[in-house]
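Residue numbering restarts at 1 for every chain, and letters A, B, ... go by the order of the sequence lines.
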Protein chains: 2
Amino acid sequence: MDQISNISQLFAAQKYKLTPQREAIVNILLDNEKDHLSVEEVYMLVKNSYPHLGLATVYRTLELLCELHIVEKMNFGDGVARYDLRGNDHSHMHHHLICSVCGRLEEIKDDWLVELEKRVEREYGFNVTDHRLDFKGTYDTCKRTGCKKEKANKAVS
Amino acid sequence: MDQISNISQLFAAQKYKLTPQREAIVNILLDNEKDHLSVEEVYMLVKNSYPHLGLATVYRTLELLCELHIVEKMNFGDGVARYDLRGNDHSHMHHHLICSVCGRLEEIKDDWLVELEKRVEREYGFNVTDHRLDFKGTYDTCKRTGCKKEKANKAVS
DNA sequence: GTGACTGCAAATGGTTTGCACAAAA
DNA sequence: TTTTGTGCAAACCATTTGCAGTCAC
């Protein structure tokens, strides 16, 4: 099954409607799966295919997608919320590399924390349902070439 | 050397002054090392010992402490920035457990990621300077007793 | 006196909300 | 026709900034 009909089912299951606006927004997210778009960025992109769309609808739709565990709301410290599509099983199984030279944000599509989560359960009596792992640093290639920083880094973590 | 004179030296090294306001703020942070205070919380607490203090000064001081790597600015998704004292070596060596039942935020004062950082370097050519690891879930004790959720959880990660 | 620092109030900017209208069930 | 969703504008609220006054060297 393709992703959009999969998502359509999730909407239906909770008695939500997949309106044209919502579908347009979901499509933008699917088309930019690699990125971590902000609300404003989604808004700009959707405007191309749906010029009449209101900003509030983007906010409300992304919140809804969050509730349905289709996307994940994250904050990388640049002052705006960013949204990340979850996998097909709606799990959270990736980590981030954030380069402080070029500003790139790469995903590691793998779960390296299985063992550590067992350790948390064992040593702290804490049952993990979700996690977040970001690495901040620099790519070796960036360090060598000294490529320019793309955007201001408010350095929040 | 105690912490406050240590911090005092860091200020002096960068030609910053440790004013009474700044010292009062730092003391609040030291007194509440376990917590992750928001600006508003720091403001309220400092008001007890320094009633005349302005909110903007708290913002400016915390930003300064961030720049000196004395504290770390973090965002746990509740809409406000929170600040965490770094260790004496000003490294970032701890992880977080966030309970979605009781809202507690516990620190794991240990660095479990040494091996993974080597792996990132090896497999991605990425040199890690800092990281962030949060686990979200529930304490076994919370699950059993069903203790009440302390605060609204905007579920941002 | 010059430069760093503070307090206050105003401005900023991302996000939320109230409400009237539109579409769907 | 009752419910759900949308667009617009206003409200909200954490944070930042401009500025005049204060303090330290």
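Residue A/Gln21 places at least one side-chain N or O under 4.0 Å from the OP1 or OP2 atom of D/dG7. Considering only side-chain N and O atoms, B/Thr19 lies under 4.0 angstrom from the phosphate OP1 or OP2 of C/dT6. In terms of phosphate contacts, A/Thr57 brings no side-chain nitrogen or oxygen within less than 4.0 Å of OP1 or OP2 of D/dG5. The phosphate of C/dT16 (OP1 or OP2) has no side-chain N or O of A/Tyr59 nearer than 4.0 angstrom.
We find that NE2 of B/His52 is positioned 5 Å from P of C/dC8, with the value rounded to whole Å. For the pair B/Lys73 NZ and D/dA14 P, the interatomic distance rounds to 14 Å; values are reported in whole Å. Atoms CG (B/Leu18) and C1' (D/dA24) sit 14 Å apart, rounded to a whole Å. Following rounding to the nearest Å, B/Leu55 (CG) and C/dA9 (C1') show an atom-to-atom distance of 12 Å. With rounding to whole Å, A/Leu53 atom CG is found 8 Å from D/dT6 atom P. Atom-to-atom, CD of B/Gln14 to P of C/dC5 comes out at 12 Å; the value is rounded to the nearest Å. Remark: P of C/dG14 and CD of A/Glu41 are 11 Å apart, rounded to the nearest angstrom. Rounded to an integer number of Å, the gap from B/Phe76 CZ to D/dA14 P is 18 Å.
Distance from the side chain of A/Lys17 is smallest to C/dA25 among C/dA25, C/dG7, D/dT15. In this structure, the nucleotide among D/dG7, D/dT17, D/dT4 sitting nearest to the side chain of B/Ala56 is D/dT17. Here C/dG7 is the nucleotide among C/dT17, D/dG5, C/dG7 with the atom lying nearest to any side-chain atom of B/Tyr50.
Between A/His95 and A/His131, the two ring planes are tilted [angle within 30° to 60°]. Relative orientation of the A/Phe11 and A/Tyr16 rings is perpendicular, given thresholds of 30° and 60° on the angle between their planes. Aromatic ring orientation, A/Tyr139 versus B/Phe126: perpendicular (interplanar angle above 60°, classes split at 30° and 60°).
Counting only heavy atoms from C-beta outward, the side chains of B/Ile98 and B/Glu106 never approach each other to under 4.5 Å.
Within the nucleic acid shown, A/Arg60 comes within 4.0 Å of at least one base atom, counting heavy atoms only.
Of the two residues near DNA chain C, B/Tyr16 and A/Ala81, the one whose nearest nucleotide lies more 5' is B/Tyr16. Closest-nucleotide positions on DNA chain C for B/Lys47 and B/Arg22 were compared, and the one nearer the 5' end corresponds to B/Arg22.
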Practice prompt. Would you please test B/His36 and B/Tyr83 for ring pair (Phe, Tyr, Trp, His ring centres under 6.0 Å) and show each step?
Written response: CA-CA 5 Å; B/His36 299 70; B/Tyr83 295 83; over 10 Å; no
